[in-house]
There are 2 protein chains.
Amino acid sequence: MRIMLQMKEAKAGRTTPEMEYVAKKEQVSVDIIRKGIANGRIVIFKSTTSNANPLGIGEGLSVKINSNIGASQKVYDIQQEIKKAEISVQYGADTVMDLTSGPTEQGIRDVRKAVLGHIEVPLGTVPMYQIALRSIEKSGGIINMTEDDMFSVVEEQAKEGVDFFTIHAGVTKNLAEYIKKNPRYMGIVSRGGTITAVWTLENDQENPFYANYDYLLEMAQNYDFSLSLGDGFRPGCIFDSTDYPQVQELLTLSRLVKRAQEKNIQVICEGPGHVPAHQIAENMRLQKSLTNGAPFYVLGPLVTDIAPGYDHIVGAIGGVIAGMNGVDYLCYVTPSEHLGLPNLDEVKEGVIAFKIAAHAIDLTRNWEVASQWDRKMDRARKDLDWNEQIKIAIDPEKARRIRERDGPIERNEPCTMCGSLCAIKILEDSIKKDDEKELSE
Amino acid sequence: MRIMLQMKEAKAGRTTPEMEYVAKKEQVSVDIIRKGIANGRIVIFKSTTSNANPLGIGEGLSVKINSNIGASQKVYDIQQEIKKAEISVQYGADTVMDLTSGPTEQGIRDVRKAVLGHIEVPLGTVPMYQIALRSIEKSGGIINMTEDDMFSVVEEQAKEGVDFFTIHAGVTKNLAEYIKKNPRYMGIVSRGGTITAVWTLENDQENPFYANYDYLLEMAQNYDFSLSLGDGFRPGCIFDSTDYPQVQELLTLSRLVKRAQEKNIQVICEGPGHVPAHQIAENMRLQKSLTNGAPFYVLGPLVTDIAPGYDHIVGAIGGVIAGMNGVDYLCYVTPSEHLGLPNLDEVKEGVIAFKIAAHAIDLTRNWEVASQWDRKMDRARKDLDWNEQIKIAIDPEKARRIRERDGPIERNEPCTMCGSLCAIKILEDSIKKDDEKELSE
């Protein structure tokens, strides 16, 4: 297998087929893509072992969304997870992350392999879950996991074709100690972050992904997988937002971004989390400034904590505000966030809410290209062409269900909302009458 | 009946029981309320005939949301509309507008009377629907409606206890002619706006609500109802946003706001509509500047046109961005917008999406007061106290349904998402173990 590092090629001024592919898809010149990769502001997700279509993320490109799928210790059904991955892609997910966290190490492998065989978008994982399960099975507890477990799980997954990894390399022992001594409102809510923090504290050792980051970068060079630097200390509630541990970790991540780029490893940064709306802009700008514009990937953000059951809406709101301040990539949140593992319907709802958010952001950045979708819808609306409206809608099935609920669709007839008081119809009829009057005169 | 104009009292420096009530509810001093009313930046919805609890809207107060209910020509069921009003209030609607538009004038009256008897929040209407139905029944067409019909319907409704009226007084004949000659992408989408515009064109007469605006103000003085100046030419798609007719109408409305305030009539301004995210700030600031800070009431705004079935999400996104730029009052949008009359579930979904939006805005403005709700939730989350989380949630029923889907709730046990990898649990157990170690040493 020929290893070709996109970033190395870009820095050397060479164009790869992956750059060509992304340029065409994004409707921008390949120069923009190549320069963006060279200076770290664009990444292409596509490891050398992957069968996915290359995906560009970053400055000047359309906003991307990720769907998290994966079974858990308590709910495990491989077929269901494959369906979640498929429905995610159907409704617009640009990437899928398999976050399966149990019930066994083999169970985690099995879902990943099944999902890899069913989607053509890049796949990401959080290797720490498999590492944790291996450690529990081998030695009875998470705190016994070894450095060798950590790196060998990453390599195992890289070989299989995973395109990007969330690595909590910014979870340092120092900062874990700080949080222990200075409790936050919600502590640590990132699973990978907590596992790592507790491991460093109980073993009195530095986080191997931080201490031996260069080894991780070497491994990345062998597969050209991308790094998504996880924010292990992201705020878990709006009261912890933009606090010391969050910003201190971001500072650490910014150094790790630079080190990755120096080794030609493509890297993105993960961000919060729970952030009230008025703090989103500063968070986005701070990250962009510290990382010299590296692609930024946020979870939501969630602008309030009061709405379990509706966190897809809460997150889509935060996502658009983040996007208006530079974010490149949104991780979806489903209605079941904070309550349980999402089912198929909730995965679909999460993807659609975030696809709406991403599209709303694209309209603010690249009006001519992005608004083509809206233009088609508006033409069909003006024509009262219901079948066309439904066809174009983000969720044709739901649009049809609502539209047909109170009777069959008739073209050029108003819906049940307005009837004969339909504004479009009244104006249209008045203009038509006028035209006829003029013709007969 | 003693007529007391809130604005007249406020200008004279006198405090009314309604001001006291609002001040207490908003946790602000009554001085703030009185001064806000005196300078037109706050209104209290509460006509002299109304049984509603007074409601303050405007600068320095919490953001309010409105739920539109009402039967249509095609779907008419009074009991259903009462239920929609009740469920709206249950989930946080601060006002209800009854937009019943048929099937007969009497049908419109019947819903209004039924709803008035079932809610304690202020009720608003768009009198033009009843006016149009009366005209159709009396003389076979909307264009035959008379000036007398218009004002007498407003008075009839004012007598019954309606608190505020959407009046499309800014729909001038000039501007209607302009739109006819210079077609917009989506024409006119406000029903009241289209009816009025077509009437002015076909009758070659000025809009009576504009021409005889002083008469409307006199009537308002008799009941102290509030005016909500409708934006008849609001953009009906993102391509018409912030265009000539929209801004020209806003200029007209700003003059009408001033004239109302001079006569001690409390007045708010209605705003768009379909507005891409990057145009929301300028729209909000323009309105506030032109009207000297009069309360602003927006419909959404909707930041994209691609998502029929999900316009509650699209509108909640726009609503928060509008709120971050000064909006005071959000009119909800339901999932069935652009497709049909909403059913009960969709009304509930719309109210919740906009309650989330309003709360997210309140957090940006009045952190100490607004965040108390989030604080309770976060405490329960940290404690893994599921029953408390569900109780506090914006929709306890939905939160419980998701949480209990895969098994019964056990206090202090992780949910099906994370199982033993629960971040909160891992950190808590680690700290507990440490504490025990310290105790035993």
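Below, read A as the first sequence line, B as the second, and so on, with proteins coming before strands; counting in each chain starts at 1. Please read these numbers as outputs of a predicted model, since none were measured by experiment.
Among A:Leu201, A:Asp395, A:Ile356, A:Ile238, the residue with the largest count of heavy-atom pairs under 4.5 Å with chain B is A:Ile238. Ranked by heavy-atom pairs under 4.5 Å with chain A, the first of B:Ile317, B:Ile352, B:Asp374 is B:Asp374. The most heavy-atom pairs under 4.5 Å with chain B, out of A:Ala277, A:Pro342, A:Gly419, come from A:Ala277. Here B:Asn343 is the residue among B:Ile179, B:Val75, B:Asn343, B:Val303 with the most heavy-atom pairs under 4.5 Å with chain A. Contact tally against chain B (heavy-atom pairs below 4.5 Å) for A:Pro276, A:Gly102, A:Gly340: the top residue is A:Gly340. With chain B as partner, the option from A:Val189, A:Val314, A:Leu339, A:Ile394 having the largest number of non-hydrogen pairs under 4.5 angstrom is A:Leu339. With chain B as partner, the option from A:Gln389, A:Met324, A:Arg379 having the largest number of non-hydrogen pairs under 4.5 angstrom is A:Met324. Ranking B:Thr304, B:Ile402, B:Asp378 against chain A, the residue ahead of the rest is B:Asp378, based on heavy-atom pairs under 4.5 Å.
Side chains of B:His338 and B:Asp305: a donor-acceptor N/O pair is absent below 3.5 angstrom, by distance only. With 3.5 Å as the limit, one finds no donor-acceptor pair spanning the side chains of A:Glu349 and A:Thr334. Side-chain contact of A:His274 with A:Asp240: a donor-acceptor pair under 3.5 Å is absent, judged by distance alone. At a cut-off of 3.5 Å, with distance as the only test, a side-chain donor of A:Gln73 or B:Ser420 sits close to an acceptor on the other residue.
Taking 4.5 Å as the limit, some side-chain heavy atom of B:Val126 sits within range of a side-chain heavy atom of B:Tyr129. In this structure, A:Phe233 and A:Arg184 have side chains that are in contact, with non-hydrogen atoms separated by less than 4.5 Å. By the 4.5 Å heavy-atom criterion applied to side chains, A:Lys425 and A:Leu384 are counted as neighbours. Between A:Pro301 and A:Ile280, some side-chain heavy-atom pair lies under the 4.5 Å cut-off.
Proximity to chain B (any heavy atom under 4.5 Å) is restricted, for A:Lys433, to the side chain, taken from C-beta onward. Of the atoms belonging to A:Leu133, it is side-chain heavy atoms, and not backbone ones, that fall under 4.5 Å from chain B. Of the two parts of A:Arg400, neither the backbone nor the side chain holds a non-hydrogen atom closer than 4.5 Å to a non-hydrogen atom of chain B. For a residue to count as touching a neighbouring chain, one of its non-hydrogen atoms must lie under 4.5 Å from one of that chain's; by this rule A:Pro308 touches chain B with backbone and side chain alike. Contact annotation for A:Ile142: only side-chain heavy atoms (C-beta onward) come within less than 4.5 Å of a heavy atom of chain B. Contacts between B:Leu99 and chain A at a heavy-atom distance below 4.5 Å are absent for every atom of the residue. For A:Glu346, the part sitting under 4.5 Å from any heavy atom of chain B is the side chain, from C-beta outward, and nothing else. With a threshold of 4.5 angstrom between heavy atoms, B:Ala316 approaches chain A through its backbone and through its side chain. Interface remark: A:Lys382 contributes backbone and side-chain atoms alike to the contact with chain B (heavy atom separation under 4.5 Å). Proximity to chain B involves both the backbone and the side chain of A:Ala393, based on heavy atoms less than 4.5 angstrom apart. At a 4.5 Å heavy-atom cutoff, the contact between B:Ser190 and chain A is made by backbone atoms alone. In this structure, chain A has a heavy atom under 4.5 Å from the side chain of B:Met377, while its backbone stays farther away. Using a 4.5 Å cut-off between heavy atoms, A:Pro103 does not touch chain B at all. Contacts of A:Met186 with chain B are made by both backbone and side-chain atoms, with heavy-atom separations under 4.5 Å. Proximity to chain B (any heavy atom under 4.5 Å) is shown, for A:Pro335, by both the backbone and the side chain. Neither the backbone nor the side chain of A:Arg365 comes within less than 4.5 Å of any heavy atom in chain B. Only the side chain of B:Ile321 comes within contact range of chain A, with at least one heavy atom under 4.5 Å from a heavy atom of that chain.
Salt bridge annotation for A:Lys391-A:Glu388: present, with a cationic side-chain nitrogen under 4.0 angstrom from a carboxylate oxygen.
Taking the ring axis of A:Tyr310 as reference, the NZ or CZ atom of B:Lys398 stays within 45° of it and closer than 6.0 Å to the ring centre.
Within 6.0 Å of NZ in A:Lys376 there are 12 or fewer heavy atoms belonging to other residues, nucleotides or ligands.
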